[in-house]
Amino acid sequence: MTRIGLVGLSVFAALAAMGAAAWISSWWWIAGVLFALLGMLGIWDLAQRRHSVLRNYPVIGHARFLMESIRPELQQYFVERNFDGRPFDRDVRSIVYERAKGTDAEEPYGTERDVYRPGHEFLVPSMAPCAVPRTPPRVRIGGPDCTQPYDMALLNVSAMSFGSLSANAVLALNAGAAAGHFAHDTGEGGLSEYHLRPGGDLVWEIGTGYFGCRTEDGGFDAAEFADKAAHDHVKCVSLKLSQGAKPGIGGVLPGPKVNAEIAQVRGVPQGRTVISPPYHRVFSTPRELVRFVARMRDLSGGKPTGFKLCLGSRRQFLAVCKAMLEEGTAPDFIIVDGAEGGTGAAPLEFADHVGAPLTDGLLTVHNALVGAGLRNRIKVGASGKIATGADLVKRLLQGADYGNSARAMMFAVGCIQAQRCHTNTCPTGVTTQNPRRARALDVGDKSVRVQRLQAATVASALQIMASMGVADPDQLRPHMLQRRVDPYTLRSLDEMYECLAPGQLLAEPPSSWAADWEAADPDHFTV
C-alpha cells in the first residue's frame, strides 16, 4: 500500500471515529429525552383517577388502550373468517366491491358455509328454469289517490342523510342513481343541493325533526314542504316513523358534524348536536297518521306518499290498517326497515334488542295488508342488509315489491366497515364533514361504482329468479325459500309463517290474528 493510500485510510478512520462518536452521542441524547417523557407519563398515570389500569400499570398500561383502538382492524383483516364477520362478512363485502368495480364476482371451490347448520337458508331452484328478462322490471308506485305515479327500480339507495354522509358521498350516490335510473332516498336530514345537483330521482324523507320543512319551533312547515316537494327531481315523499337501528328514538347528528352548510339545510343552529324527537307532532293516533300522509300527498301535488317504520307491535300496525279502511285513503307505499339495518349511530341496546328483524316485520306488514284487503293499492319496500342478488330475491318472496340498500351502497363509494361513522373520522371520506378526509372520495369514480353495483345486483337477482323458474317478481312465493331448523329438518317459509288470504281479516280472522285484530283501535296506538 502506498503512502498516499495510508494517509487516506487514516483520514477515513478518523472521520469514521468522529462520526461514530457523534452518532452515539446523539442517540444517548434521544434516549434521555424518551426516558424523561416516559417518566413524566408514568407520574401522570399514577396521579390520574380515571383509569385504574394505568394507576396499577403506569406507562405499559397504555398498550391495552392501543390494542383496543385497533381491535376492529385486527379482527377484520387477520382474525375473522370469510363468512362470519359482522355486520357484513368478508364474502359479502368482497362481492359488493367486485361488482362495484366491474370485476369478476365468482368464487372457486364451493361454499365455505355449513349448509347443515340450523338457520341456513336456500332458494329453491326449478327443474325448468326460464329465460332471464332482458329488461329489469319496474314497480309502479301510486294508488288511486296518486296523480303522479312513479316507476321504482327493484333496488334503490336507502335513506342516508347529508350530514351523516359527506357531500361527496351524497353526490356520488345521486349521480349513480341518475345514471342507473333508480331512486335515491334522501334520509331525514333535508333536501340539499348535493341531492339535487346530479339529477337523480329522489324519495324525500321527512322525519320527526321535519328538517328542510321545519318551523322555528321545530314543527312542520306545510308551505315550505309544498315548495320543495314540487321539485322535478322529487318523485316520492316518505314520512319516517322509525328506523331499523333505533326504533322508538330520534336520530342524532353530533355537533362537530353540524357545520354552517348542514345547519342551513336542516334549519338548526351550527355546531350544536341535533337530536330528533322520538315522536311526531303532526299525529298521535293511527287515524291522524293516515290523514297526515294524505295531506302530504295533496301538498306534494299528488306524488306517491308513504311512510317508513321498523315494526314493533302487530296490533298497532293493524290499527293503522283499520284507520285506512275507515278513512277511505291509504299511503301509496310502506317501507319496512329491519332491526338489523342502520347506517347511523345508535345505542347498543336499541341496535341489539329493539324492533323486529326484517323477515318478521316484512311478513307481518305484507300479511296484514293482504288480510285487510289493502295490499293491491299499497306497494311495500324492504330495507335492511340487502347487499346481494340473493338478499333481494329473499325480500321479494317475503312480500316486498322492491328493495332499498344503504350499507352496500356505502361500500360502493369506498366504505371499509371501519365503524367510525359517528366520530367524524371516517378513513375513506364517506361519513365525515372533515374536508380533508371527504376530498379522498372521488365523485366521478364512485358514482360509476354505485351504478355498476345496482345493475349487477339486480341482474344477479333476475338470474336467480330465472333459475327458480320465475320470470317476474310477482311469481315469487314463500315456499320457494327453505330454512334448516335443525340438522335433520327443512321447512319452507310458508310452513313457518302463517300467510293470510285476501280480505281474511275482514271476513273471519284466523285464531292467531283474531285477538290483535279485535283489539286494534284506529283511534289509539295501544300495545
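Each residue takes its place number in the sequence, starting with 1.
No side-chain heavy atom of Thr208 sits under 4.5 Å from any side-chain heavy atom of Pro278. You'll find the side chain of Leu289 reaches within 4.5 Å of the side chain of Leu241, heavy atoms only. No side-chain heavy atom of Asn168 sits less than 4.5 Å from a side-chain heavy atom of Lys446. Put simply, the side chain of Val157 reaches to within 4.5 Å of the side chain of Phe182, judged on heavy atoms. With a 4.5 Å cut-off on side-chain heavy atoms, Phe317 and Val336 do not count as touching. At a threshold of 4.5 Å between non-hydrogen side-chain atoms, the residues Arg484 and Arg117 do not count as touching. Side-chain contact between Lys385 and Val92 is absent, with no heavy atoms from C-beta onward closer than 4.5 Å.
Between the CE atom of Met152 and the CD1 atom of Ile141 there is a distance of 4.5 Å, given to the nearest 0.5 Å. Asn156 contributes atom CG, which lies 12.0 Å from atom CG of Leu173 (distance to the nearest 0.5 angstrom). Here CG of Asn174 is found 8.5 Å from CG of Asp201. Values are rounded to the nearest 0.5 Å. Rounding to the nearest 0.5 Å gives a distance of 4.0 Å between OG1 of Thr359 and CD of Gln398. Note that CG of Leu476 and CZ of Arg395 are 13.5 Å apart. Values are rounded to the nearest 0.5 Å. Atoms OG and CD1, from Ser238 and Ile334 in turn, are 10.5 Å apart once rounded to the nearest 0.5 Å.
Scanning for ring-ring contact (aromatic ring centres under 6.0 Å, His included) contacts around Phe525 gives an empty result, with sequence neighbours left out. The ring-ring contact (aromatic ring centres under 6.0 Å, His included) test applied to His366 returns no partner, not counting sequence neighbours. Residues that satisfy the salt bridge (charged side-chain N to carboxylate O under 4.0 Å, His left out) test with Asp185, not counting sequence neighbours, are absent from this structure. Residues passing the salt bridge (charged side-chain N to carboxylate O under 4.0 Å, His left out) test with Asp360, sequence neighbours excluded: none. Annotation: salt bridge (charged side-chain N to carboxylate O under 4.0 Å, His left out) contacts of Arg297 (sequence neighbours excluded): Asp145, Asp332. Scored by the salt bridge (charged side-chain N to carboxylate O under 4.0 Å, His left out) test, Arg291 finds Glu327 as partners (sequence neighbours excluded). Listed by chain and number, the residues in a ring-ring contact (aromatic ring centres under 6.0 Å, His included) with His233 are His231 (sequence neighbours excluded).
Across every non-hydrogen atom of Phe333 and Cys236, the tightest pair is CE2-CB, 4.0 Å. When all heavy atoms are compared, the tightest approach of Leu481 to Leu397 is CB-CD1, 3.7 Å. Ser492 and Gln482 get closest at one heavy-atom pair: CB-NE2, 3.5 Å. Nearest heavy atoms, Asp472 versus Val470: O-CG1, 2.9 Å. Annotation for Gly384 and Leu358: closest pair O-CD2, 3.6 Å, computed over non-hydrogen atoms. In terms of heavy atoms, Ala382 sits closest to Ala400 at CB-CB, 3.7 Å.
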Inset, instruction - Show your working on side chain to side chain contact (heavy atoms under 4.5 Å, CB included) between Val293 and Thr329 and close with a plain yes or no. - result: CA-CA 9 Å; Val293 170; Thr329 186; over 6 Å; no
Inset, instruction - Apply the test side chain to side chain contact (heavy atoms under 4.5 Å, CB included) to residues Lys101 and Arg449: give CA-CA distance (whole Å), side-chain angles for both, the deciding distance (0.1 Å), then the verdict. - result: CA-CA 6 Å; Lys101 294 174 183 177; Arg449 295 191 183 197; 3.5 Å; yes
Inset, instruction - Start with the C-alpha distance between Val320 and Phe307, add both sets of side-chain angles, then the distance that settles side chain to side chain contact (heavy atoms under 4.5 Å, CB included), and finish with yes or no. - result: CA-CA 12 Å; Val320 176; Phe307 61 81; 4.3 Å; yes
Inset, instruction - Take Thr431 and Met410 through the test side chain to side chain contact (heavy atoms under 4.5 Å, CB included) and record every step on the way to the result. - result: CA-CA 9 Å; Thr431 61; Met410 289 173 63; 3.6 Å; yes
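Not one N or O on the side chain of Arg287 forms a donor-acceptor pair closer than 3.5 Å with the backbone of Ser284. Looking only at distances, no side-chain donor or acceptor of Asp494 sits under 3.5 Å from a matching main-chain atom of Pro478. Using a distance-only test at 3.5 Å, with no hydrogens or angles considered, no donor-acceptor pair links the side chain of Thr432 to the main chain of Cys426. The backbone N or O of Leu493 lies less than 3.5 Å from no partner atom in the side chain of Arg483, so there is not a single donor-acceptor pair. A donor-acceptor pair is defined here as one N or O able to donate and one able to accept, closer than 3.5 Å; no such pair exists between the side chain of Asp337 and the backbone of Cys310. Between the Thr186 side chain and the Glu205 main chain, a donor and an acceptor come within less than 3.5 Å of each other. Ser447 places no side-chain N or O within 3.5 Å of a backbone atom of Ala175 that could act as its donor or acceptor partner. Using modelled atom types, no side-chain atom of Ser161 and backbone atom of Ala159 make a donor-acceptor pair closer than 3.5 Å. Of the possible donor and acceptor atoms, one in the side chain of Ser405 sits under 3.5 Å from a partner among the backbone N and O of Ile386. Distance alone, capped at 3.5 Å, is enough to place a donor-acceptor pair between the Thr285 side chain and the Glu288 backbone.
Around atom CD of Glu518, no more than 12 heavy atoms belonging to other residues, nucleotides or ligands sit under 6.0 Å away.
A ring pair (Phe, Tyr, Trp, His ring centres under 6.0 Å) check over residues 119-166, counting only residues at least two apart or in different chains, returns the pairs Phe162-Tyr194. Among residues at least two apart or in separate chains, ring pair (Phe, Tyr, Trp, His ring centres under 6.0 Å) pairs with a member in residues 389-412 are Phe88-Phe411, Tyr97-Phe411. Counting only residues at least two apart or in different chains, side-chain hydrogen bond (donor to acceptor under 3.5 Å, both in side chains) contacts with residues 312-324 comprise Arg314-Asp516, Arg315-Asp516.
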Atom pairs and distances, donor-acceptor, side-chain atoms in residues 460-468, under 3.5 Å, two or more places apart:
residue	atom	partner	partner atom	Å
Ser460	OG	Arg99	NH2	3.4
Ser467	OG	Ile464	O	2.5

Would you be so kind as to tabulate the donor-acceptor pairs closer than 3.5 Å made by side chains of residues 503-514, with sequence neighbours excluded?
residue	atom	partner	partner atom	Å
Gln504	OE1	Ala501	N	2.8
Ser512	OG	Glu498	OE1	2.2

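Salt-bridge formation is detected for the pair Lys240/Glu188: a Lys NZ or Arg NE/NH1/NH2 atom is positioned less than 4.0 Å from an Asp or Glu carboxylate oxygen. Between Asp401 and Arg375 a salt bridge is recorded (basic side-chain N to carboxylate O distance below 4.0 Å).
With 3.5 Å as the limit, one finds a donor-acceptor pair spanning the side chains of Asp391 and Thr388.
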